[in-house]
> 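One structure follows; several queries about it will come next.
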Amino acid sequence: MEPEATPAPESAAAPVPAVVAGIAANPNGKIVEEFQYLLEKSQQLFAGLRDLPPTGKNWQPYFQRTFEVYTKLWKFQQTHRAILENKDLYGLKRYEIGEIASKIGQLYYHYYLRTSETNYLYESYVFYEAIRERQYFRDVLDAKNPPLMIKKLRYYARFIVVCLLLNSNDTLQAQRQWRMECSFV
């Protein structure tokens with residue numbers, strides 16, 4: 001359910017920029033709005049995970065809700081990728097897709113930490129491996145954005161930890177790739 005926008009007072013009405021007006025008039029504008037809503041909601045829920053108590057049962061419903069929103073976001077961006085990648089509408093970048101996949105991997109990893117169920121650790125591995133195979137963070141250096149590079153390095157660190165816990169041979173390959181990427185920084 002989308003939050004309702006509060007109308008601005010008539011005296012404070014400002015002209016609507018052409019880009020925003022164009023998106024609203026475009027039938028694909030609803031898709032962009034829904035994506036932005038899901039992205040914002042997922043980020044809010046993910047940020048709230050820090051405040052959960054480390055023990056007890058109260059964390060499970062919150063995790064479930066966060067999983068549901070991220071699953072919906074992931075499927076939504078897959079279904080509407082062409083529209084979302086359109087620079088005139090949203091301009092979704094590959095690294096943004098990687099960020100979503102990385103958050104899902106983190107969710108599975110943290111669920112594993114709370115339950116010790118290895119199937120969640122393996123699901124985390126699946127998402128991290130997909131990020132590596134599809135090279136979602138490939139163009140981060142070209143963006144010359146230090147916070148983005150930090151996200152990429154954190155992804156590699158998480159992936160290596162998951163590989164070590166699973167005793168996976170991909171650990172060495174991930175470490176090599178990480179070292180190569182770090183040498184360019």
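Residue indices begin at 1 and follow the sequence shown. What you see below is based on every heavy atom in this structure, not just the backbone, and it leaves out hydrogens, waters and symmetry mates.
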> Kindly indicate whether the side chain of Tyr125, heavy atoms from C-beta on, has any atom under 4.5 Å from the side chain of Tyr122.
yes
> For the NZ atom of Lys103 and the CD atom of Gln43, what is their distance to the nearest 0.5 Å?
7.5 Å
> Can you list the steps and then say if Val162 with Leu121 is a side-chain contact (heavy atoms from CB on, under 4.5 Å)?
CA-CA 7 Å; Val162 168; Leu121 184 62; 4.0 Å; yes
> Name all residues meeting the side-chain hydrogen bond (donor to acceptor under 3.5 Å, both in side chains) criterion together with Glu123; count only those two or more places apart in sequence or in a different chain, and write none if there are none.
none
> Considering residues at least two apart in sequence or located in another chain, which fulfil the salt bridge (charged side-chain N to carboxylate O under 4.0 Å, His left out) criterion with Lys75?
none
> For Glu99, give me all partners under salt bridge (charged side-chain N to carboxylate O under 4.0 Å, His left out), at least two apart in sequence or on another chain.
Lys151
> Start with the C-alpha gap between Gln106 and Tyr128, add the side-chain angles, then the distance that decides, and say whether side-chain contact (heavy atoms from CB on, under 4.5 Å) holds.
CA-CA 9 Å; Gln106 289 176 59; Tyr128 288 148; 3.3 Å; yes
> Could you pull out the closest heavy-atom pair between Leu84 and Tyr90, with the gap in Å?
O-CB, 3.5 Å
> Would you check if the side chain of Ser124 reaches a backbone N or O of Gly105 as a donor-acceptor pair within less than 3.5 Å?
yes
> Contact between Arg158 and Arg154 at the side-chain level, heavy atoms closer than 4.5 Å - yes or no?
yes
> Let me check something: do Val126 and Leu166 share a hydrophobic cluster, defined by ILVMFWY side-chain heavy atoms less than 4.5 Å apart, either directly or through other members?
yes
> Tell me whether Arg132 is salt-bridged to Glu129, with the criterion being a basic N under 4.0 Å from an acidic carboxylate O.
yes
> Are Ile100 and Leu49 connected in the hydrophobic side-chain network, where two residues link if heavy atoms are under 4.5 Å apart?
yes
> So how far is it from His80 NE2 to Phe35 CZ, rounded to the nearest 0.5 Å?
11.0 Å
> Does the separation of the ring centres of Tyr95 and Phe137 fall below 6.0 angstrom?
no
> May I ask you to decide if Ile31's main-chain N or O and Glu34's side chain share a donor-acceptor pair within less than 3.5 Å?
no
> If we only count heavy atoms from C-beta on, is the Arg65 to Lys41 side-chain gap below 4.5 Å?
yes
> Check the angle between the aromatic planes of Tyr109 and Tyr112 and answer parallel, tilted or perpendicular using the 30° and 60° thresholds.
tilted
> Below 4.5 Å, heavy atoms only, C-beta onward: do Leu52 and Asn58 meet side chain to side chain?
no
> Considering non-hydrogen atoms only, spot the tightest contact between Leu73 and Ser42 and give its length.
CD2-OG, 3.5 Å
> Hey, can you tell me if Trp74 and Phe127 have their rings parallel, tilted or perpendicular (30° and 60° cut-offs)?
perpendicular
> Hey, could you give me the CD1/CG distance between Ile83 and Asn28, rounded to the nearest 0.5 Å?
4.0 Å
> Over all heavy atoms of both residues, which pair between Pro53 and Arg114 is shortest? Give the atoms and the distance, please.
O-NH1, 3.0 Å
> Mind checking the CG-CD1 spacing from Asn145 to Ile150? Nearest 0.5 Å is all I need.
9.0 Å
> Examine distances only and state if a side-chain atom of Tyr70 and a backbone atom of Phe46 form a donor-acceptor pair shorter than 3.5 Å.
no
> Report yes or no: do Leu113 and Leu165 belong to one cluster of Ile/Leu/Val/Met/Phe/Trp/Tyr joined by side chain heavy-atom distances under 4.5 Å?
yes
> Without swapping roles, check the side chain of Arg81 against the backbone of Leu92 for a donor-acceptor pair under 3.5 Å.
no
> Do Tyr37 and Phe76 have side-chain heavy atoms sitting under 4.5 Å apart?
no
> Of all heavy-atom pairs between Arg94 and Gln135, which one has the smallest distance, and what is that distance?
NE-O, 3.9 Å
> Testing the basics here: between Ile131 and Ser102, what is the closest heavy-atom pair and its distance to 0.1 Å?
CD1-N, 3.4 Å
> Do Ile104 and Tyr62 sit in the same hydrophobic cluster, where Ile, Leu, Val, Met, Phe, Trp and Tyr count as joined when their side-chain heavy atoms come under 4.5 Å apart?
yes
> Would you call Gln64 and Tyr111 a side-chain contact if the rule is heavy atoms closer than 4.5 Å?
no
> Could you state the interatomic distance from CG (Leu148) to NZ (Lys93), rounded to the nearest 0.5 Å?
10.5 Å
> On the 0 to 90° scale, with breaks at 30° and 60°, tag the Tyr108-Phe67 ring pair as parallel, tilted or perpendicular.
tilted
